[in-house]
> 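Just passing along the structure, written as structure tokens.
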Amino acid sequence: MSPRQIVIDTDPGLDDAIAILFALASPALSVAAVTTVAGNIGLERTTRNAGRLLAAAGHDTIPVAAGASQPLVGRGISEEAIHGDDGLGGVPLPGPMSPPVATPAARFLAEMLMSRPAGSIDILALGPLTNVALLLDESPEAAGRIGRIIAMGGAVNERGNVGPRSEFNLACDPEAAARVLESGLDVTLVPLDVTRKVRADRDYLDRLRSSGTLPGAVAADLIAAYFAGARDQESRPLHDPCVMLLAVQPALFDVRRMRLAIDCGNGVDRGALAPSSEVPEIAVAMDVDAKGALELLAQTLT
Ligand code: RIB
Ligand code: CA
């Protein structure tokens with residue numbers, strides 16, 4: 001099978017970084033571009049980090065396009081506490097080999113989608129969905145040529161990580177998330193209900209490091225940094241890698257069809273999901289073979 005062409009839309013971020021290294025190492029995926037969004041620690045640092053990760057993995061010819069520096073409405077939420085002030089926990093990585101392209105992410109995505117066969121590119125979204133929403137609004141014809149969108153975000157039955165029921169990626173930009181989830185495109189959401197089950201512990205970190213491979217060593221450094229900023233010293237949830245793992249091996253996940261609306265109000269549940277008959281059905285991953293997922297991640301990275 002030829003590898004699936006993907007664009008990674010991301011706010012790297014430690015777990016984003018592991019997801020990006022996995023995608024670059026996977027024979028099932030071909031990364032056509034990386035687009036960045038402010039998310040965890042601001043657009044300048046997420047864009048620089050995308051370039052640093054591509055340089056570290058020896059893929060410095062993959063274009064990086066910087067996207068939205070702010071959500072569609074209001075301001076973002078900073079996650080420096082988790083990801084450190086450089087956004088990658090101070091892990092020693094080279095600098096970017098080349099600057100990002102001059103074209104903003106939404107227009108870059110539209111041009112790429114119009115220049116390639118319809119349905120041939122999937123968008124794997126690891127941060128707030130501002131860039132994807134802008135693509136839908138600015139270039140609906142191009143957006144209609146997206147193969148599928150797989151996005152990490154939300155909490156269905158699981159408690160939130162920003163508010164009691166709201167998760168970071170959706171709560172950062174609920175208006176953008178609503179545009180995407182209600183677009184009618186082939187959307188698969190990977191919520192905290194699943195991603196909190198895929199956890200790296202210290203033994204897993206040691207396995208990656210002892211593999212003697214570059215992606216394994218860098219991923220071990222990233223997980224060690226992910227531990228450094230955490231209360232839980234037992235294990236760390238690998239949220240964003242779940243998006244790539246689902247793209248490569250969907251059988252690892254239990255995916256259900258659901259109609260979920262996003263709370264775009266300004267209360268404590270801003271960004272939270274709730275069942276609704278008013279919105280199109282999307283696919284939602286609600287369970288995972290966590291052991292199998294971790295095995296695929298380690299096998300591919302090492
Ligand atoms: O809620 C988890 C999400 O928020 C992940 O994408 C993580 O990188 C942070 O952006
Ligand atoms: Ca992320």
Side-chain angles (χ1 to χ4, degrees), residues 6-23 34-43 45-50 52-53 64 67-71 75-84 86-89 91 105 123-132 149-174 176-177 180 188-200 219 222-223 225-227 229-230 232 235-247 262 270-273 284-285 288:
I6 64 168
V7 169
I8 303 174
D9 188 66
T10 176
D11 59 338
L14 287 165
D15 59 320
D16 304 67
I18 296 162
I20 292 167
L21 291 176
F22 171 86
V34 175
T35 53
T36 55
V37 64
N40 284 312
I41 38 100
L43 186 65
R45 284 178 291 183
T46 59
T47 304
R48 176 171 165 70
N49 288 341
R52 295 172 72 203
L53 288 159
V64 175
S69 58
Q70 290 292 346
R75 299 185 52 70
I77 309 168
S78 164
E79 284 288 358
E80 273 184 26
I82 295 175
H83 301 280
D86 72 348
L88 292 179
V91 170
I123 297 180
L124 273 51
L126 312 181
L129 291 166
T130 318
N131 291 336
V132 185
I149 298 170
I150 311 175
M152 190 277 142
V156 179
N157 302 318
E158 181 75 14
R159 63 179 162 70
N161 59 5
V162 168
R165 295 180 50 246
S166 51
E167 175 278 330
F168 180 81
N169 287 341
L170 301 195
C172 253
D173 197 340
V180 176
T188 300
L189 193 63
V190 185
L192 291 175
D193 305 70
V194 155
T195 65
R196 279 198 174 124
K197 293 177 181 169
V198 182
R199 307 186 72 85
L222 291 163
I223 294 172
Y226 198 15
F227 266 106
D232 179 347
S235 64
R236 300 296 291 129
L238 299 180
H239 302 295
D240 293 336
C242 289
V243 168
M244 278 64 184
L245 292 164
L246 188 147
I262 299 231
R270 179 168 167 75
L273 292 168
V284 184
V288 59

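These numbers come from a predicted model, not from an experiment. When a ligand or atom number is given, it counts from 1 through the structure's own listing order.
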> Roughly how far, to the nearest 0.5 Å, is the CG atom of Leu246 from the OG1 atom of Thr195?
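That separation rounds to 12.0 Å.
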
> In chain order, what residues pass the side-chain hydrogen bond (donor to acceptor under 3.5 Å, both in side chains) check against Asp232, with sequence neighbours excluded?
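Asp232 satisfies side-chain hydrogen bond (donor to acceptor under 3.5 Å, both in side chains) with Arg199 only.
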
> Students should find this: residues with any non-hydrogen atom under 4.0 Å from ligand 1. What is the answer?
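Those residues closer than 4.0 Å to ligand 1 by some heavy atom are Asp11, Asp15, Asp16, Asn40, Leu126, Met152, Asn161, Glu167, Phe168, Asn169, His239, Asp240.
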
> So, applying side chain to side chain donor-acceptor pair (under 3.5 Å) with Thr47, which one of Asp11, Thr36, Thr35, Thr10 is it?
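With Thr47 as partner, Asp11, Thr36, Thr35, Thr10 yield a single side chain to side chain donor-acceptor pair (under 3.5 Å), made by Thr36.
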
> Would you say the side-chain atoms of Glu167 pair up with the backbone N or O of Gly154, donor to acceptor, closer than 3.5 Å?
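A pair under 3.5 Å: yes.
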
> State which residue, out of Ile150, Val34, Asp16, fulfils the side chain to side chain contact (heavy atoms under 4.5 Å, CB included) condition with Leu126.
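Checked Ile150, Val34, Asp16 against Leu126; only one passes side chain to side chain contact (heavy atoms under 4.5 Å, CB included): Asp16.
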
> Would you give the length of the straight line joining atom CG of Leu129 to atom CE of Met152, rounded to the nearest 0.5 angstrom?
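If we round to the nearest 0.5 Å, Leu129:CG and Met152:CE are 10.5 Å apart.
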
> Assess whether side chain to side chain contact (heavy atoms under 4.5 Å, CB included) is satisfied between Val37 and Thr46, documenting all intermediate values.
CA-CA 7 Å; Val37 64; Thr46 59; over 6 Å; no

> No waters, cut-off 3.0 Å: how many protein N, O or S atoms are close to the Ca ion (ligand 2)?
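Protein N, O or S neighbours of the Ca ion (ligand 2) under 3.0 Å, waters not counted, come to 5.
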
> Tell me, please, which residues at least two apart from Arg159 pass side-chain hydrogen bond (donor to acceptor under 3.5 Å, both in side chains).
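Scan of Arg159 (side-chain hydrogen bond (donor to acceptor under 3.5 Å, both in side chains), adjacent residues dropped) gives none.
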
> Got a donor-acceptor contact below 3.5 angstrom from the Asp240 side chain to the Ala19 backbone?
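No; judged by distance alone, with no hydrogens or angles, the pair does not exist.
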
